[in-house]
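Numbers here are sequence positions counted from 1.
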Amino acid sequence: MSNAPSIRDAVQARLARRHRAEQRFQFYGLAAISAAVLFLCLLLGSIIVQSLPAFTAHRMVLDVPIHAEIADPRGDRSEASLRRGAYNTLIQNSLREQFPEADTVSELRELYGLYSAVNAARLLNQVVNAPELIGERVSFSFPLSDDADLYLKGLATDERRLSGDAPITLSQSANGPVEIQSASSDPVFADFVNSVRTRLEVAADEARLRAARAREDAQAELDSDARDSLDFEARRAEALAERLSAEARSDNVITLGPQTASLMLRAQGGVLRVNEIRADARQATGEWLIAPDDAARTVERWSLWVIETPAIARRISDRQIVWARALKERGLVKNGLNTTLFTSADSREPELAGVAGALAGSVLTMIITMFLAVPIGVGAAIYLEEFAPKNRLTDFIEVNINNLAAVPSIVFGLLGLAVFINLFGLPRSAPLVGGMVLALMTLPTVIISARASLKAVPPSIREAALGVGASRTQAVFHHVLPLAMPGILTGSIIGLAQALGETAPLLMIGMVAFIADPPTLGLAGFTEPATVMPVQIYIWSSSAERAFEARTAAAILALLTLLISFNAVAIYLRRRFERRW
């Protein structure tokens, strides 16, 4: 009896340890799920934030006069004559009316760089479809260039505005620079000069740090050539640091250039770019980028516009920034939904690129994949599970099907390249070949999932069907297959969703080609050149233009939407037809 309490205490202690272990296991499980959900939210959140600029775009709206001598060279209003017209010249003339001060070749090149010349094709089609527009003024809307669009969205430069408190005087000699001088003793450019000098000091400190690191690396380097190269780099960095420090401490004129921030002065309805500032911060010289409405000498109301990002570090020039901002202020540039992203195919110009071609190619490719992989895979599963004899041959086939499910997808791409293209001569970069390659890759997944669904049907169903006189074929197709169909559909849809996200096998058969026009959604489209969403994402992600970053994220969201839709259909079908035994 004396041992009873000790035994009970030991049992309670073991139960307490078991309960604590179960609680720890539950905690670890919840922590793992929470971490997975957190990482998923971070991933989706980063993609969504990065893709937001792609869903809106700035468009320019100009009244373009359709001059007959430019749009209709022959003067007969025929389609052949209209298609020979210089429609880009019409757009350029209309844009030049907004900024008549742009007269040199370099200035006009910058002005016309605010849009892509490809937009002239849309104006051509508009005039060809309605020749009565010749001699009229047409309101023509087209997207701004990607660099101007990014600037107006605040993604290309850092800038700030400074109000002018003291009056200034402006004077200009014939064809000379504009002289700017404070009408009082106030140093109107002092804040900007101080910021420039601070930046020069910071750049000098960075150059000294690079020089010190180069010296340390040179001392540790054993190779004489490498040591000489590091010594040269250190001397060059030290010379740069001395020059920057001298410029920061200099009492001479501060010259603004591509490596410094840009300073604009807005006055009298015009914009003046400051090129030089005197050391006293009271006098400066510049040039008009937009001519003023009034040439008054003394200006009471003015403001400074500082573009912090140096011109050497951005793809848009000072003039283009001023012109783009002026067009927006005049109501000629508006920001709205970027419909081009969903209605156009790929383009070398980011502002004209869209996913319509890739979506059409994905649809056509998945149609081929579905009509090949699902019937063949389900048929093979039914035969192997219900009719095939159990011998070495079927065991060999089952082992190879399981092995094929683990083969890298690029191997199927090599197979498609060797067999479908090189041997059979099928067209390269066509949805027909892409669908056949993805069907080969999806077949093992469909077969395995279909066999598992057939095996999950209780044997009593087969025995009951056979017991009432049904044949083996009737028992399988009338009783077993309908009950296994939810699992078969689920596995097939998941396999197709996996195929939709594949890139490597399609790269091998040439679907990485640049496709400017979407394929036809019909029988002819299956043999036309096309690309698919994963390949389009790959192409855009490797493009140099910064605007393609947002479009890449937007295309990823479109692909994720398709994949989620596929999986949602699979879940619905499983729950709709699921039977519990």
Side-chain angles (χ1 to χ4, degrees), residues 46-61 95 98-99 102 106-119 142-162 192 195-196 199 202-203 256-266 271-274 289-290 303-338 340-341 347-354 540-555:
S46 63
I47 295 175
I48 292 173
V49 170
Q50 191 174 4
S51 67
L52 289 179
F55 292 107
T56 59
H58 287 87
R59 300 182 66 87
M60 189 188 309
V61 182
L95 184 58
Q98 298 295 325
F99 306 103
S106 61
E107 292 174 356
L108 291 176
R109 187 182 296 113
E110 291 183 67
L111 179 61
Y112 301 152
L114 290 176
Y115 74 98
S116 173
V118 182
N119 291 286
F142 53 95
L144 281 180
S145 68
D146 58 309
D147 296 321
D149 179 63
L150 288 176
Y151 163 72
L152 292 177
K153 291 175 180 176
L155 302 175
T157 61
D158 295 327
E159 56 185 16
R160 56 192 174 95
R161 303 295 179 95
L162 302 174
F192 180 78
S195 65
V196 169
R199 287 174 180 244
V202 171
L256 305 183
Q259 296 182 343
T260 64
S262 300
L263 179 63
M264 311 293 171
L265 189 146
R266 299 171 63 96
V271 179
L272 184 148
R273 179 172 62 184
V274 178
L289 300 185
I290 296 181
S303 63
L304 292 179
W305 175 10
V306 182
I307 303 175
E308 300 285 359
T309 307
I312 198 173
R314 46 183 160 88
R315 291 171 53 91
I316 184 170
S317 66
D318 292 340
R319 294 182 184 274
Q320 290 177 325
I321 287 177
V322 172
W323 289 332
R325 182 64 65 182
L327 289 171
K328 187 174 181 61
E329 293 174 352
R330 296 173 187 178
L332 300 178
V333 171
K334 297 180 180 179
N335 191 24
L337 180 65
N338 185 15
T340 304
L341 181 65
S347 174
R348 302 296 185 189
E349 305 296 336
E351 67 272 15
L352 301 177
W540 284 356
S541 64
S542 58
S543 299
E545 288 82 355
R546 182 181 175 185
F548 274 122
E549 295 180 5
R551 281 159 176 78
T552 300

**Prompt:** Does the pair Arg266/Glu329 count as a salt bridge with the N-to-O cut at 4.0 Å?
**Reply:** yes

**Prompt:** So, are Glu545 and Arg551 salt-bridged, with charged N and O less than 4.0 Å apart?
**Reply:** no

Where [X] and [Y] come nearest, the two heavy atoms and their spacing:
| X | Y | answer |
| --- | --- | --- |
| Ile290 | Ala326 | CD1-CB, 3.5 Å |
| Phe548 | Ser347 | CZ-O, 3.6 Å |
| Ala148 | Ile316 | CA-CD1, 3.9 Å |
| Ala547 | Asp146 | CB-CB, 3.6 Å |
| Val271 | Met264 | CG1-CB, 4.0 Å |
| Phe192 | Ser262 | CE1-O, 4.4 Å |

**Prompt:** Between the side chains of Ser145 and Arg315, is a donor N or O closer than 3.5 angstrom to an acceptor N or O?
**Reply:** no

Can you find a pair of side-chain heavy atoms, one from [X] and one from [Y], that are under 4.5 Å apart?
| X | Y | result |
| --- | --- | --- |
| Asn335 | Leu152 | no |
| Leu155 | Arg546 | yes |
| Lys153 | Thr56 | yes |
| Met60 | Gln98 | no |
| Leu263 | Val306 | yes |

**Request:** Applying ring-ring contact (aromatic ring centres under 6.0 Å, His included), name anything that partners Phe99, two or more places apart in sequence or on another chain.
**Result:** Trp323

For the [atom1] atom of [X] and the [atom2] atom of [Y], what is their distance to the nearest 0.5 Å?
| X | Y | atom1 | atom2 | answer |
| --- | --- | --- | --- | --- |
| Gln50 | Leu52 | CD | CG | 10.0 Å |
| Thr340 | Leu337 | OG1 | CG | 9.0 Å |
| Asp149 | His58 | CG | NE2 | 6.0 Å |
| Leu114 | Ser317 | CG | OG | 8.0 Å |

With no hydrogens and no angle check, is any side-chain donor or acceptor of [X] less than 3.5 Å from a backbone partner on [Y]?
| X | Y | value |
| --- | --- | --- |
| Arg314 | Thr157 | no |
| Gln320 | Glu110 | yes |
| Ser51 | Ile47 | yes |

**Asked** If you draw a 6.0 Å radius around CD in Glu308, do more than 12 non-hydrogen atoms from other residues or ligands fall strictly inside?
**Response** yes

**Request:** For a side-chain contact (heavy atoms from CB on, under 4.5 Å) with Tyr151, tell me which candidate from Ile307, Leu144, Ile321 qualifies.
**Result:** Ile321

**Request:** Return the set of residues passing side chain to side chain donor-acceptor pair (under 3.5 Å) with Arg59 (not counting sequence neighbours), or none when no residue passes.
**Result:** Ser141

